Amino acid sequence: MDCLFCKIISGEVPAQVLRETERTLAFRDINPQAPVHVLVIPKVHVPNFAALAEHPETLAELAAEAAEVAKAEGVAESGYRVVFNTGTGAGQTVFHAHAHVLGGRGLNWPPG
Ligand code: 5GP
Ligand code: ZN
């Protein structure tokens with residue numbers, strides 16, 4: 001399967017990996033939209049957030065890892081956002097489920 005994030009998991013495509021667990025990988029987004037912008041992905045290939053519901057242990061580990069990333073990156077106290085873009089209409093461009101962990105200055109909500 002030609003999947004960019006599966007290639008990052010296998011090491012075929014390099015990434016700035018921050019954390020790894022049995023079921024997840026966390027690495028910096030190549031095009032950060034905030035001072036802290038980390039992607040946390042399941043090692044199992046599922047196309048989107050909805051499909052992650054079929055993997056409850058992975059989903060729980062991914063949530064815990066997103067929180068650990070926020071702590072390690074120093075935004076747990078100031079606040080951060082965890083986003084799953086789901087579907088092209090919401091801006092999903094990579095169809096391997098991933099959580100964006102966004103934090104630091106420059107968070108703008110509501111957008112626009
Ligand atoms: P989406 O738009 O699907 O929610 O998010 C995909 C994210 O993957 C984007 O924020 C994009 O910058 C990031 N991305 C795309 N290609 C690469 C890559 O090769 N390496 C890394 N680290 N991030 C990538
Ligand atoms: Zn994949």
Side-chain angles (χ1 to χ4, degrees):
M1 193 194 316
D2 196 28
C3 171
L4 173 63
F5 287 175
C6 282
K7 288 179 180 168
I8 286 179
I9 291 162
S10 71
E12 191 181 333
V13 169
Q16 258 188 282
V17 174
L18 301 180
R19 300 178 59 84
E20 180 168 11
T21 66
E22 186 186 343
R23 298 183 180 85
T24 71
L25 190 72
F27 55 92
R28 291 200 194 283
D29 195 290
I30 204 166
N31 182 25
Q33 302 300 309
V36 173
H37 190 171
V38 175
L39 301 175
V40 187
I41 70 173
K43 287 184 176 173
V44 62
H45 178 92
V46 290
N48 57 35
F49 181 59
L52 253 188
E54 292 162 24
H55 301 269
E57 289 180 339
T58 301
L59 184 53
E61 202 163 295
L62 196 141
E65 283 299 293
E68 287 301 324
V69 163
K71 263 194 241 169
E73 294 290 306
V75 295
E77 296 298 321
S78 55
Y80 59 97
R81 196 170 293 148
V82 181
V83 175
F84 290 87
N85 295 328
T86 307
T88 48
Q92 186 178 3
T93 60
V94 178
F95 291 86
H96 179 131
H98 51 281
H100 296 259
V101 179
L102 298 153
R105 285 174 297 105
L107 288 184
N108 177 31
W109 192 264

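Predicted model, so just to flag it, every value in this text is computed and none were measured. Counting convention: from 1, in listed order, for ligands and their atoms alike.
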TODO: Could you walk me through whether Glu61 and Thr21 pass the side-chain hydrogen bond (donor to acceptor under 3.5 Å, both in side chains) test, one step at a time?
DONE: CA-CA 8 Å; Glu61 202 163 295; Thr21 66; 2.6 Å; yes

State whether the side chain of [X] and the backbone N or O of [Y] hold a donor-acceptor pair below 3.5 Å, judged by distance alone.
X: His96; Y: Pro42; answer: yes
X: Glu54; Y: Pro56; answer: no
X: Gln92; Y: Gly87; answer: yes

Open item on the list: Give me the residue, atom name and distance of the protein heavy atom closest to atom 13 (C) of ligand 1.
Closed with: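 For atom 13 (C) of ligand 1, the nearest protein heavy atom comes out as Asp29 OD2, 3.3 Å.
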
- [ ] First locate atom CD1 of Ile8, then atom CD of Gln16, and finally report the distance between them rounded to the nearest 0.5 Å.
- [x]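 Separation between the atoms: 11.0 Å.
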
Open item on the list: Rounded at 0.5 Å granularity, tell me how far CD1 in Ile9 sits from NE2 in His45.
Closed with: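 The distance works out to 9.5 Å.
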
Open item on the list: Would Val94 count as a polar contact of ligand 1, with the cut-off being nitrogen or oxygen pairs under 3.5 Å?
Closed with: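 Min N/O separation from ligand 1 is below 3.5 Å for Val94.
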
Counting each atom of ligand 1 from 1 as listed, which ones have a heavy atom of [X] under 4.0 Å away?
X: His98; answer: 1 (P), 3 (O), 4 (O), 5 (O), 6 (C)
X: Leu39; answer: 8 (O)
X: Asn31; answer: 12 (O)

For ligand 1, the portion of [X] having any non-hydrogen atom under 4.0 Å away:
X: Asn85; value: side chain
X: Val83; value: neither
X: Phe84; value: neither

- [ ] Run down the list Gln33, His100, Gln92, Gln16 and name the one with the heavy atom closest to atom 4 (O) of ligand 1.
- [x]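 That would be His100.
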
- [ ] Identify which of Thr88, Val13, Ile30, Val17 has a heavy atom lying nearest to atom 14 (N) of ligand 1.
- [x]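 Ranked by closest heavy atom to atom 14 (N) of ligand 1, first place is Ile30.
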
Task: Residues Lys43 and Glu22 bridged, charged N to O under 4.0 Å - done: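 No, no charged N to carboxylate O under 4.0 Å.
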
Open item on the list: Checking Phe84 against His98 for the ring-ring contact (aromatic ring centres under 6.0 Å, His included) test, could you report, in this order, the C-alpha distance in whole Å, the side-chain angles of both residues, the deciding distance, and whether it holds?
Closed with: CA-CA 6 Å; Phe84 290 87; His98 51 281; 7.8 Å; no

Task: the Zn ion (ligand 2) - name of the N/O/S atom of His45 that sits closest to it - done: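 For His45, the N, O or S atom at the smallest distance from the Zn ion (ligand 2) is ND1.
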
- [ ] With the Zn ion (ligand 2) as the reference point, give the N/O/S atom of His96 that is nearest.
- [x]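 In His96, the N, O or S atom with the shortest distance to the Zn ion (ligand 2) is ND1.
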
- [ ] Evaluate the side-chain proximity of Leu102 to Val36: yes if any heavy-atom separation is below 4.5 Å, no if none is.
- [x]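 They are not in side-chain contact.
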
Open item on the list: Any heavy atom of Ala15 closer to ligand 1 than 4.0 angstrom?
Closed with: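 Not so, Ala15 does not reach ligand 1.
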
Open item on the list: Only to 10 degrees, please: what angle do the SG atom of Cys6 and the SG atom of Cys3 make about the Zn ion (ligand 2)?
Closed with: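 Roughly 120°, rounded to 10°.
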
